[in-house]
K.L.:
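Structure in structure tokens, see below.
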Amino acid sequence: MAHDHHDNEHHIIPLGTYFKVLGALLVLTVLTVAASRFDFGSFNTIINIGIASIKASLVLAIFMHLKYDDRLYLVLILTSVFFLIVMYFFSVLDLFTRISQGPIL
Amino acid sequence: MSTANVSHSSSGEYHHHTAHHFENAEAEYNASKFGVWLFLCTEILMFGGLFVGYIIYHQRYPEIFHTGAKFLDWRLGATNTVVLLISSLTMALSIYYAQVNNKKMVLVNLYVTLACAFVFLGIKWIEWSHKIHEGLLPGRLFHYDGPEAAVKDLPMYFGFYFGMTGLHASHVICGMALIVWLIVRAHKGHFGKNYWTPLECVGLFWHLVDLIWIYLFPLLYLIG
């Protein structure tokens, strides 16, 4: 029972890092709004998803402590993202390679 | 919250006892966190299905999404993004302050997080009531009669809109209930440098709510 719950082996992320990450997230939010003001055609979607993914990585790495945590959690989350891509890939493969391209959706 | 593993030493300092089926406190902490991460994976897959559906329909019927997105005010969406990002920071800070044993700042940050959640829901309420009033609703409920109503299958857009933001808002409400629970425990002095597992677990869930909004905002408000 005497064993301490959390000892010093836990990495404490310095306060400044948290605020820098928030700053970066806010800058990226402004950037994604600014990018949507211009018409890059279908690239708009890619740019927006790209910026969102950078923001998501920052939240995962610092706010959710993944960067300093056991690799196990990173593998877990990447597994679910991988299966999401599988779901998307095969749905698109099916829908866009059908011979009759009528309004079937 | 079970009183069985709660005790106060003579000094009044809270001490968390590890549940008997864990070898030590570290194992208990890791098992709790692993469970939450597994749950987050199922959440990612649930929202992911909606995202995949959205992107596919968006590719197939760009005009419906182009017209639908015009009814959304990106300024309200952007404000909500900033509010949620700040709440994510304060949630993370509450764990930081537990780690450095500053119990007052744990509470301050939890209260700010809860306040941000209220602001988020308030803005959502303004957006939704406006759309409900105009008749911009999914499927058969749709009764908007402006010129845009001529776009075939426009109600589908609002099906996605209300479905995705509604499911997200229900997560915000669950998160708020959990944060209230954390505040109650923090007032009792339960969290400090030796024990912050509930803060960590609820925090992970709260950050996921933020993560989902990070993708929802550009998808719904910006891609038109």
Side-chain angles (χ1 to χ4, degrees), chain A residues 1 3-15 18-19 21-22 25-26 28-30 32-33 35-37 42 44-45 47-49 51-53 55-56 58-60 62-66 69-70 72-74 76-77 79-81 83-85 87-89 91-92 95-96 103-105, chain B residues 15-18 24-26 28-30 33-34 37-38 40-45 48-49 51-53 55-61 74-75 77-78 81-82 85-86 88-89 91-93 95-96 99-100 193-197 200 203-204 207-208 210-211 214-215 217-219 221-224:
Chain A
M1 273 306 165
H3 192 89
D4 232 81
H5 189 158
H6 297 298
D7 19 35
N8 291 329
E9 60 194 86
H10 283 277
H11 181 89
I12 300 181
I13 299 173
L15 212 49
Y18 285 117
F19 282 98
V21 167
L22 179 73
L25 288 169
L26 294 177
L28 287 166
T29 304
V30 173
T32 192
V33 171
S36 71
R37 305 279 99 191
S42 57
N44 275 88
T45 310
I47 292 168
N48 275 308
I49 298 283
I51 293 176
S53 298
K55 287 167 78 179
L58 278 173
V59 172
L60 282 164
I62 307 299
F63 286 176
M64 297 170 92
H65 309 134
L66 264 193
D69 240 333
D70 201 301
L72 174 69
Y73 306 112
L74 182 66
L76 255 184
I77 216 84
T79 308
S80 70
V81 172
F83 280 104
L84 209 57
I85 293 168
M87 172 157 65
Y88 175 71
F89 178 74
S91 306
V92 167
L95 288 167
F96 290 86
I104 30 165
L105 274 180
Chain B
H15 181 76
H16 174 80
H17 289 297
T18 307
N24 54 44
E26 191 63 26
E28 185 188 57
Y29 174 74
N30 287 330
K33 216 161 76 171
F34 184 73
W37 274 107
L38 267 183
L40 296 193
C41 286
T42 68
E43 291 276 71
I44 288 173
L45 291 173
F51 282 127
V52 168
I55 294 171
I56 288 173
Y57 274 73
H58 182 271
Q59 283 167 339
R60 280 228 83 142
Y61 300 107
W74 68 267
R75 283 163 297 191
T81 307
V82 172
L85 289 176
I86 291 170
S88 241
L89 171 80
M91 189 73 231
L93 289 185
I95 297 167
Y96 169 84
Q99 288 170 329
V100 299
K193 68 175 176 358
N194 294 323
Y195 180 68
W196 69 82
T197 309
E200 179 86 29
L204 288 174
H207 296 309
L208 181 93
D210 185 30
L211 277 184
I214 284 175
Y215 281 97
F217 169 59
L219 276 184
Y221 291 82
L222 300 178
I223 300 172

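In what follows, chains are A, B, ... by sequence order, proteins preceding strands, each numbered from 1.
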K.L.:
Which distance, rounded to the nearest 0.5 Å, do you find between the CD1 of B/Ile44 and the OG of A/Ser80?
P.N.:
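Rounded to the nearest 0.5 Å, the CD1-OG separation comes to 4.0 Å.
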
K.L.:
For B/Leu93, which atoms come within 4.5 Å of any heavy atom of chain A: side chain, backbone, both, or neither?
P.N.:
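It is the side chain, since no backbone atom gets that close.
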
K.L.:
What I'd like to find out is whether the side chain of A/His65 reaches to under 4.5 Å of the side chain of B/Ile95, using heavy atoms alone.
P.N.:
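They are in side-chain contact.
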
K.L.:
Check the pair B/Phe34 / A/Leu76 against side-chain contact (heavy atoms from CB on, under 4.5 Å), numbers first and verdict last.
P.N.:
CA-CA 9 Å; B/Phe34 184 73; A/Leu76 255 184; 3.6 Å; yes

K.L.:
So what's closer than 4.5 Å to chain A heavy atoms on B/Leu211: side chain, backbone, both or neither?
P.N.:
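The side chain, not the backbone.
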
K.L.:
In Å, rounded to the nearest 0.5 Å, how long is the span from CG of B/Leu85 to OG1 of A/Thr29?
P.N.:
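Interatomic distance, B/Leu85 CG to A/Thr29 OG1, rounded to 0.5 Å: 5.0 Å.
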
K.L.:
Taking the side chain as every heavy atom from C-beta outward, state whether B/Val52 and A/Val92 have any atom pair closer than 4.5 Å.
P.N.:
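Result no, sub-4.5 Å side-chain heavy-atom pair not found.
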
K.L.:
If you take all heavy atoms of B/Gly48 and A/Leu84, which pair is closest and at what distance?
P.N.:
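Shortest heavy-atom contact: CA-CD1, 3.2 Å.
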
K.L.:
Just give me the residue among A/Ile51, A/Leu60, A/Ile77 that pairs up with chain B most often, heavy atom to heavy atom, under 4.5 Å.
P.N.:
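Of the options given, most contacts go to A/Ile77.
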
K.L.:
Measure distances from B/Ser88 to the heavy atoms of chain A and classify the residue's part below 4.5 Å as side chain, backbone, both or neither.
P.N.:
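Contact with chain A is through both the backbone and side chain of B/Ser88.
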
K.L.:
Could you grab the distance from atom CZ of A/Arg37 to atom CH2 of B/Trp74, nearest 0.5 Å is fine?
P.N.:
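Reported value, rounded in 0.5 Å steps: 5.5 Å.
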
K.L.:
Nearest 0.5 Å, please: how far is CD1 in B/Ile223 from CG in A/Asn48?
P.N.:
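Reported value, rounded in 0.5 Å steps: 5.0 Å.
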
K.L.:
Residues two or more places apart in sequence or in another chain: which of them pass ring-ring contact (aromatic ring centres under 6.0 Å, His included) with B/Tyr96?
P.N.:
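Here no residue qualifies.
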
K.L.:
Just do the side-chain hydrogen bond (donor to acceptor under 3.5 Å, both in side chains) check on A/Ser53 and B/Tyr215 with the steps written out, would you?
P.N.:
CA-CA 8 Å; A/Ser53 298; B/Tyr215 281 97; 2.8 Å; yes

K.L.:
When you compare the side chain of B/Thr81 with that of A/Lys55, does any pair of heavy atoms fall below 4.5 Å?
P.N.:
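Of all side-chain heavy-atom pairs linking B/Thr81 with A/Lys55, at least one is under 4.5 Å.
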
K.L.:
Quick one, B/Leu219 with A/Ile49, criterion side-chain contact (heavy atoms from CB on, under 4.5 Å). Give me CA distance, side-chain angles, the key distance, then yes/no.
P.N.:
CA-CA 8 Å; B/Leu219 276 184; A/Ile49 298 283; 3.9 Å; yes

K.L.:
Could you tell me whether the side chain of A/Tyr73 reaches within less than 4.5 Å of the side chain of B/Leu40, counting heavy atoms only?
P.N.:
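The answer is no; the side chains never approach within 4.5 Å.
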
K.L.:
Can you say whether B/Asp210 sits under 4.5 Å from chain A via the side chain, the backbone, both, or neither, judging by heavy atoms?
P.N.:
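Just its side chain gets close to chain A.
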
K.L.:
Taking all non-hydrogen atoms of both residues, which atom of B/His207 and which atom of A/Val59 are closest, and how far apart?
P.N.:
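What the structure gives for the nearest pair is CB-CG1, 4.1 Å.
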
K.L.:
Against chain A, label B/Phe217 side chain, backbone, both or neither, depending on which of its atoms sit under 4.5 Å from a heavy atom there.
P.N.:
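For B/Phe217, the side chain is the part near chain A, not the backbone.
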
K.L.:
Run the side-chain contact (heavy atoms from CB on, under 4.5 Å) test on A/Tyr88 and B/Ile56 for me, step by step, so that the C-alpha distance in whole Å, both residues' side-chain angles and the decisive distance to 0.1 Å come before the verdict.
P.N.:
CA-CA 8 Å; A/Tyr88 175 71; B/Ile56 288 173; 4.2 Å; yes

K.L.:
Using non-hydrogen atoms and a 4.5 Å limit, figure out which bit of A/Leu66 sits close to chain B: side chain, backbone, both or neither.
P.N.:
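Side chain only.
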
K.L.:
For A/Leu72, is it the side chain, the backbone, both or neither that has a heavy atom under 4.5 Å from a heavy atom of chain B?
P.N.:
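The side chain, not the backbone.
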
K.L.:
Out of curiosity, B/Leu89 CG to A/Phe19 CZ, how far, rounded to the nearest 0.5 Å?
P.N.:
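Rounded to the nearest 0.5 Å, the CG-CZ separation comes to 5.0 Å.
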
K.L.:
I'd like to know which of A/Asn44, A/Val21, A/Asp69 tops the heavy-atom pair count under 4.5 Å against chain B.
P.N.:
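Among A/Asn44, A/Val21, A/Asp69, the one with the most close pairs to chain B is A/Asp69.
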
K.L.:
State, with a plain yes or no, whether a side-chain heavy atom of B/Trp37 is found less than 4.5 Å away from one of A/Met64.
P.N.:
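They are in contact (side-chain heavy atoms under 4.5 Å apart), so the answer is yes.
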
K.L.:
Is B/Tyr221 close to A/Val33 at the side-chain level, that is, under 4.5 Å between some pair of heavy atoms?
P.N.:
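No - every pair of side-chain heavy atoms lies 4.5 Å or more apart.
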
K.L.:
Identify which part of A/Ile62 has an atom lying under 4.5 Å from any heavy atom of chain B, answering side chain, backbone, both or neither.
P.N.:
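It is neither, since no heavy atom gets under 4.5 Å.
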
K.L.:
Would you please name every residue forming a side-chain contact (heavy atoms from CB on, under 4.5 Å) with A/Val81, sequence neighbours left out?
P.N.:
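With sequence neighbours excluded, A/Val81 shows a side-chain contact (heavy atoms from CB on, under 4.5 Å) to A/Ile85, given in chain and number order.
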
K.L.:
Decide, yes or no, whether a salt bridge links A/Asp70 with B/Lys33 under the criterion of side-chain N to carboxylate O below 4.0 Å.
P.N.:
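Result for this pair is no, no salt bridge flagged.
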
